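All of these numbers come straight from a predicted model, not from anything done at the bench.
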Amino acid sequence: MSETPPNTLQYRFDGPEDAPVLILGPSLGTTWHMWDRQVPELTQQWRVFRFDLPGHGGAPAHPAGSVTDLTERLLATLDGLGVQRFGYAGCALGGAVGIELALRHPERVASLALIAASPRFGTADEFRQRGVIVRSNGLDPIARTSPDRWFTSGFAAAQPAITEWAVQMVRTTDPGCYIAACEALASFDVRPQLGGVTVPTLVLVGSDDQVTGPAEARTLVAGIPDARLAVVPGASHLVPVEQPAAVTDLLVRHFSTAWQQPAYDSTTGHLAVVAAPVRPAPVAAPAQPAPIAEIAPAAVAPPQGAGRPDPYDAGIKVRREVLGDAHVDRTLAQADDFSGDFQELVTRYAWGEVWDRSGLDRRTRSVVTLTALVAGGHLDELAAHTRAALRNGLTPAEIKEVLLQTAVYCGVPAANSAFKVAQQVIREETTPEG
């Protein structure tokens, strides 16, 4: 166990101190106990390192809002322990950390296993919507529906104790850290970078996973040069819990055969870091099958001296983050020769110039925007920006206070109309499914 400062993670070791280190990364809403049934066999060959996400499993509630932040905290923890090179297996969000490690710090990753993972987890809208639900209702609605996402129906019915354990695991997570982890997944998209993962990789998925299923797994295999696919039948998203023996066997075989072990220091129990060899120029590889997900082309940097970059790209990114992909896609699809220039103007200047400024945070900008829309009587826009305010972190109670303030300064009739619009939006956005 560990004392945990804000820039590190809560962790535990199992297994012999003189064995190479194998890291197991957890899924969102779980703790390191999701790996309990893998540990006895894995510790026969490796020193197993498990960690908890911030605010999970009793870990200190220091939210991490990006996968990069989580990865850097993991590396800071390992640096403090003298662990330089390791194998890594991660489930879902833990898998995203594994991809980030392999892309940014390949010299430290001996071999990689990605379980129930994806280069992009659903859509940003889905995870920001989940954050709105947690902010408005707490974690209980997410906890109660977790078994439906994590396990097949047959397993959940046959294993009520494990199902209840899963519910309690989510219910005891810190809400702020859960929301921050949702933001991390919302912004995670490494589809264009998969070719940069150069370590031996096992992609493992449950055949019945409805969250990140076989299609996402095949996207990873198509994009990662040295990747193999394993589909576990009769398993859903939390496959290490549902099919522990199959997962353990696959991990043992992968890490035993794919781990290219450098000089090993038996006095420290860790793999020694060695200088990366100079690689010869790559030989043209055989044509790879086309990836399922479209790979976006790399952005072209503006030439030096070309002046300020066009704010359109920043604007469309902010517009999607605040209003949601569905709203923006619908709006842009409706644009034609008559209105298309106006949509470009809005994206470039309202979103790329003003909303992207650092002088106010997005919560404050939402407060200002709601007030201005009420004053102007723009109820259609008010509905969209009420949704945006929830995404930007305002609670329904705070939106109510903003509208009460507008009743004083913009007039009771304007606020009355605004309350009707906002009430309907809040009811739609904060009511859990099912």
Side-chain angles (χ1 to χ4, degrees), residues 22-30 34-39 41-42 87-99 102 109 111-122 126 146-159 162-163 166 185 188 190-191 194-195 197-259 286 288-295:
L22 176 58
I23 298 174
L24 303 179
S27 176
L28 172 62
T30 73
M34 68 163 284
W35 297 103
D36 279 352
R37 295 180 70 180
Q38 279 72 46
V39 168
E41 188 164 346
L42 293 179
Y88 185 94
C91 184
L93 177 53
V97 171
I99 298 173
V109 183
S111 189
L112 180 65
L114 304 175
I115 302 167
S118 177
R120 183 190 187 196
F121 290 80
E126 293 168 2
S146 288
D148 297 335
R149 293 189 300 274
W150 287 354
F151 307 127
T152 60
S153 57
F155 178 87
Q159 300 287 345
I162 293 178
T163 301
L185 287 171
F188 182 76
V190 293
R191 289 174 294 174
L194 287 179
V197 177
T198 57
V199 301
T201 302
L202 171 68
V203 178
L204 194 159
V205 65
S207 62
D208 300 326
D209 189 343
Q210 302 300 310
V211 181
T212 49
E216 286 82 2
R218 293 188 180 98
T219 303
L220 289 169
V221 172
I224 297 173
D226 188 8
R228 296 176 299 155
L229 176 63
V231 180
V232 178
S236 187
H237 189 59
L238 217 58
V239 58
V241 176
E242 189 162 5
Q243 294 288 349
V247 170
T248 302
D249 179 63
L250 288 165
L251 292 180
V252 169
R253 282 194 284 162
H254 173 68
F255 287 107
S256 297
T257 58
W259 195 321
Q288 297 290 324
I292 296 170
E294 181 180 354
I295 304 299

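Proximity of V252 to E41: side-chain heavy atoms (C-beta onward) are separated by under 4.5 Å at one or more points. Contact annotation: the side chain of Y88 never approaches that of L22 to less than 4.5 Å [non-hydrogen atoms, C-beta and beyond]. Side-chain contact between D226 and T201 is absent, with no heavy atoms from C-beta onward closer than 4.5 Å. For the pair L93/F188, no side-chain contact is recorded, criterion being any heavy-atom separation below 4.5 Å from C-beta on. Counting heavy atoms from C-beta on, the side chains of I99 and L114 come closer than 4.5 Å. Between L229 and V205 there is a side-chain heavy-atom pair separated by less than 4.5 Å. When side chains are defined from C-beta on, W35 counts as touching C91, because their heavy atoms get closer than 4.5 Å. Side-chain contact between T219 and P119 is present, with at least one heavy-atom pair separated by less than 4.5 Å.
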Problem set entry | Audit row: Q38, V247, side-chain contact (heavy atoms from CB on, under 4.5 Å) steps and yes/no | CA-CA 8 Å; Q38 279 72 46; V247 170; 4.1 Å; yes
Problem set entry | Derivation and outcome, side-chain contact (heavy atoms from CB on, under 4.5 Å), residues L202 and L112 | CA-CA 6 Å; L202 171 68; L112 180 65; over 6 Å; no
For this session: Walk me through it: do V203 and I115 pass the test side-chain contact (heavy atoms from CB on, under 4.5 Å)?
Result: CA-CA 6 Å; V203 178; I115 302 167; over 6 Å; no
Considering only distance and modelled atom types, tabulate donor-acceptor pairs under 3.5 Å from the side chains of residues 230-241, sequence neighbours left out.
from, atom 1, to, atom 2, distance (Å)
H237, ND1, D209, OD1, 3.3
H237, ND1, D209, OD2, 3.0
H237, ND1, T212, OG1, 3.3

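Note: L220 CG to R191 CZ = 11.5 Å, rounded to the nearest 0.5 Å. The distance from atom CZ of R228 to atom OG1 of T257, rounded to the nearest 0.5 Å, is 5.0 Å.
Within the structure, the side chain to side chain donor-acceptor pair (under 3.5 Å) test picks out the following pairs touching residues 150-159 (sequence neighbours left out): T152-E242.
When all heavy atoms of L251 and A89 are compared, the pair lying nearest together is CD2-CB, 4.2 Å. When every heavy atom of A96 is checked against every heavy atom of F121, the shortest pair comes out as CB-CE1, 3.9 Å.
Panel note: side chain T30, backbone S27; a donor-acceptor pair is recorded below 3.5 Å.
Residues passing the side-chain hydrogen bond (donor to acceptor under 3.5 Å, both in side chains) test with T163, sequence neighbours excluded: none.
The 12-atom threshold is exceeded at CZ of R149, counting heavy atoms of other residues, nucleotides or ligands nearer than 6.0 Å.
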